Amino acid sequence: MKFWLMKSEPGAFSIDDLSKEGFSGWDGVRNYQARNYIRDDMNEGDLALFYHSNANPSGVAGICRITETDIVDPTAFDPDSQYFDPKSSEENPRWIMVEVEFVEKFPRFVPLSEIKGHESLSDMKLVQKGSRLSIMPITKKHFQTILKLGKSKIKP
DNA sequence: GCCAACGTTGGC
DNA sequence: GCCAACGTTGGC
């Protein structure tokens, strides 16, 4: 099993939204590196940190689980969607998504400042200079360290 | 709202 | 294939 960090702007989709809905397609990924990660390396059953970006404060809000991979992202074909991409066609889809399932909202939100200040988390892609990836792999150690900071009840 | 960092586009 | 211009991300 692999471990991931997935960013979402809470104004668009937050951990509370996922908690209410239970499951959700993770649509709108429009970055090739992030897409390649989900296409090539993400598997059903993987666990991901749910990260709130562009938030006050930004940070990790909880955990979700990957329940399905390699789904064609339908928002790319929708001219009314903010994720519309005229270069993607149903015959030759460019963007894919995964489905995730709510696992847990952390009892304690883990702000970015705390991740930045934590010695053993300094090699996460998240805190490396200039990194803006919206989906990135993380190590089991990073995952467990952040679970601890969030006072998670999950034991992966 | 600012702006640094990075990705993408398109002319050549 | 290079690279300048432009667009986007995302913390602050």
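The model shown is predicted, which means the values in this text are computed figures rather than measured ones. Letters A, B, ... mirror the listed sequences (proteins, then strands); counts begin at 1.
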Problem set entry | A:Tyr32 side chain, from C-beta outward: closest of C:dG11, B:dT9, B:dT8 | B:dT8
For this session: Among the candidates B:dT8, C:dG10, C:dG11, find the nucleotide nearest to the side-chain atoms of A:Leu112.
Result: C:dG11
For the pair made of [atom1] in [X] and [atom2] in [N], what is the distance, rounded to whole Å?
X        : N      : atom1 : atom2 : result
A:Gln82  : C:dT8  : CD    : P     : 11 Å
A:Leu133 : C:dG11 : CG    : C1'   : 16 Å
A:Lys129 : C:dG11 : NZ    : P     : 16 Å
A:Leu126 : C:dT9  : CG    : P     : 16 Å
A:Ile115 : C:dC12 : CD1   : C1'   : 16 Å
A:Arg35  : B:dT8  : CZ    : C1'   : 14 Å
A:Asn56  : C:dC12 : CG    : P     : 11 Å
A:Ile135 : C:dT9  : CD1   : P     : 13 Å

Regarding [X] and [Y], do their side chains bring together a donor and an acceptor under 3.5 Å, going by distance alone?
X        : Y        : result
A:Thr67  : A:Glu101 : no
A:Arg30  : A:Thr75  : yes
A:Thr139 : A:His142 : yes

For this session: Scan nucleotides 2-7 of chain C nucleotide by nucleotide, 5' to 3', and note B when protein non-hydrogen atoms come under 4.0 Å of the base, S if they reach only the sugar-phosphate, - if neither.
Result: ------
Exercise. Can the ring centres of A:Trp95 and A:Tyr32 be said to be less than 6.0 Å apart?
Worked result: yes
Exercise. Does the gap between the ring centers of A:Phe50 and A:Trp4 come in under 6.0 Å?
Worked result: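 Aromatic pair excluded; centres sit 6.0 Å or further apart.
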Exercise. Would you say A:Glu44 has more than 12 foreign heavy atoms packed within less than 6.0 Å of its CD?
Worked result: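 Not buried by this count: 12 neighbours or fewer within 6.0 Å.
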Exercise. Is there a side-chain polar atom (N or O) of A:Lys7 under 4.0 Å from OP1 or OP2 of C:dT9?
Worked result: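 Checking A:Lys7 against C:dT9: no side-chain N or O falls below 4.0 Å of OP1 or OP2.
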Exercise. With respect to the phosphate group of B:dT9, does any side-chain polar atom (N or O) of A:Lys87 fall under 4.0 Å of OP1 or OP2?
Worked result: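 So the side-chain polar atoms of A:Lys87 do come within 4.0 Å of the phosphate oxygens OP1 or OP2 of B:dT9, strictly under.
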Exercise. Relative to the 5' end of DNA chain B, which residue comes earlier, A:Asn54 or A:Arg30, by the nucleotide with the nearest heavy atom?
Worked result: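 Per heavy-atom nearest nucleotide, the more 5' residue is A:Asn54.
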Exercise. Step by step, would you call A:Leu18 with A:Phe13 a side-chain contact (heavy atoms from CB on, under 4.5 Å)?
Worked result: CA-CA 8 Å; A:Leu18 182 59; A:Phe13 188 71; 3.8 Å; yes
